[in-house]
Amino acid sequence: MHLPSQMDPNPWVQFQKWYTDAVQAKIQNPEAMTLATANLKGIPSARIMLFKGVELGGLTFYTNYRSRKSKELESNPRAAVIFYWPALNRQLRIEGKIKKVPPSNSDEYWNTRPRESRLNALISPQSSLISGRKELEEKLEIITEKFQNKEIPRPAHWGGYVLIPHRFEFWLADPYRLHDRFCYVQKLKKWRIVQLAP
Ligand SMILES: Cc1cc2nc3c(=O)[nH]c(=O)nc-3n(C[C@H](O)[C@H](O)[C@H](O)COP(=O)(O)O)c2cc1C
């Protein structure tokens, strides 16, 4: 059993604590989070993304701006993410609005990526139909040749988003299913912790 008083009043501090615990527990891919989006008809879709840091007032992640998720986020800039760390028996849900990160942030992250990953991002029309892997391999060969011994610039269709939360929920498992759920909600820019039934 946990008490609301054991949670930090600031959800970002609490987030950092849990994320650090997950990293220190040597969980595989502690930064993997499920990102849920919805199109304008309200039809949802979800996929795993890698969380890249807390900056610009939220959580950042990087992707192809022409992908299915990006089309959904452009028309409906709201999203939810979930981290699940089974080894710690913890789930973390975050909901909020979405903004594109400034191009300079995307450039900065792009430049940290391995050369191969940058080339792959250049040639992959993420979420589009392809005839098969051969199509990608052919494109990769051409582009690898083109950029031999050259810098690989970030294409305009690849970059980051930031999820600016208005709600966090920290969930801790109880062996007999009386789990603890601490929810941070914002009122007049101040965070308040409320507790939900499991
Ligand atoms: C562990 C893991 C991490 C992933 N990280 C990313 C990521 O950071 N960015 C990304 O675009 N896709 C990532 N993917 C692939 C996505 O889950 C997804 O297949 C892709 O983004 C296309 O999604 P969409 O068609 O809904 O836009 C990751 C997949 C896994 C399993």
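We count residues from 1, following the sequence as given. Both ligands and their constituent atoms are indexed starting at 1 by order of listing.
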Inset, instruction - With heavy atoms only and a cut-off of under 4.0 Å, state how Phe61 meets ligand 1: side chain, backbone, both or neither. - result: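 Neither; nothing of Phe61 gets under 4.0 Å from ligand 1.
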Inset, instruction - Answer with side chain, backbone, both or neither: which part of Lys52 has a heavy atom less than 4.0 angstrom from an atom of ligand 1? - result: neither
Inset, instruction - Can you spot which of Phe83, Phe61, Tyr62 makes a ring pair (Phe, Tyr, Trp, His ring centres under 6.0 Å) with Phe51? - result: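 Checked Phe83, Phe61, Tyr62 against Phe51; only one passes ring pair (Phe, Tyr, Trp, His ring centres under 6.0 Å): Phe83.
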Legend entry - Sole candidate of Phe182, Trp85, Phe15, Trp18 that passes ring pair (Phe, Tyr, Trp, His ring centres under 6.0 Å) when paired with Phe170: Trp18
Legend entry - Evaluation steps, side-chain contact (heavy atoms from CB on, under 4.5 Å), between Ile27 and Tyr84: CA-CA 10 Å; Ile27 290 170; Tyr84 175 47; over 6 Å; no
Looking only at protein heavy atoms, which one is nearest to [atom], and what is the separation?
| atom | result |
| --- | --- |
| atom 1 (C) of ligand 1 | Asn29 ND2, 3.7 Å |
| atom 18 (C) of ligand 1 | Arg47 CG, 3.9 Å |
| atom 2 (C) of ligand 1 | Ile48 CG2, 3.6 Å |
| atom 20 (C) of ligand 1 | Gln126 NE2, 3.4 Å |
| atom 11 (O) of ligand 1 | Thr63 OG1, 2.7 Å |
| atom 21 (O) of ligand 1 | Lys69 NZ, 2.7 Å |
| atom 24 (P) of ligand 1 | Ser127 OG, 3.5 Å |
| atom 12 (N) of ligand 1 | Met49 SD, 3.7 Å |

Inset, instruction - Tell me, with the steps shown, if Glu169 and Arg181 meet salt bridge (charged side-chain N to carboxylate O under 4.0 Å, His left out). - result: CA-CA 7 Å; Glu169 183 196 313; Arg181 299 176 67 188; 2.8 Å; yes
Inset, instruction - Determine whether more than 12 heavy atoms belonging to other residues, nucleotides or ligands lie under 6.0 Å from atom CD of Gln6. - result: yes
Legend entry - side-chain contact (heavy atoms from CB on, under 4.5 Å) assessment of Arg66 paired with Ser127: CA-CA 8 Å; Arg66 296 180 185 150; Ser127 316; over 6 Å; no
Inset, instruction - Output yes when a protein non-hydrogen atom is found under 4.0 Å of atom 9 (N) of ligand 1, and no otherwise. - result: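 Looking at atom 9 (N) of ligand 1, one finds that a protein heavy atom does lie closer than 4.0 Å.
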Legend entry - Residue of the set Arg78, Lys71, Arg47 for which side-chain hydrogen bond (donor to acceptor under 3.5 Å, both in side chains) holds with Thr37: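 So the option named by the test is Arg47.
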Legend entry - Verdict with supporting geometry, Arg115 and Ile152, side-chain contact (heavy atoms from CB on, under 4.5 Å): CA-CA 8 Å; Arg115 205 175 158 81; Ile152 306 161; 3.5 Å; yes
Legend entry - Tyr62 neighbourhood, listing ligand 1 atoms whose heavy-atom distance to it stays under 4.0 Å: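 Result: 7 (C), 8 (O), 9 (N), 10 (C), 11 (O).
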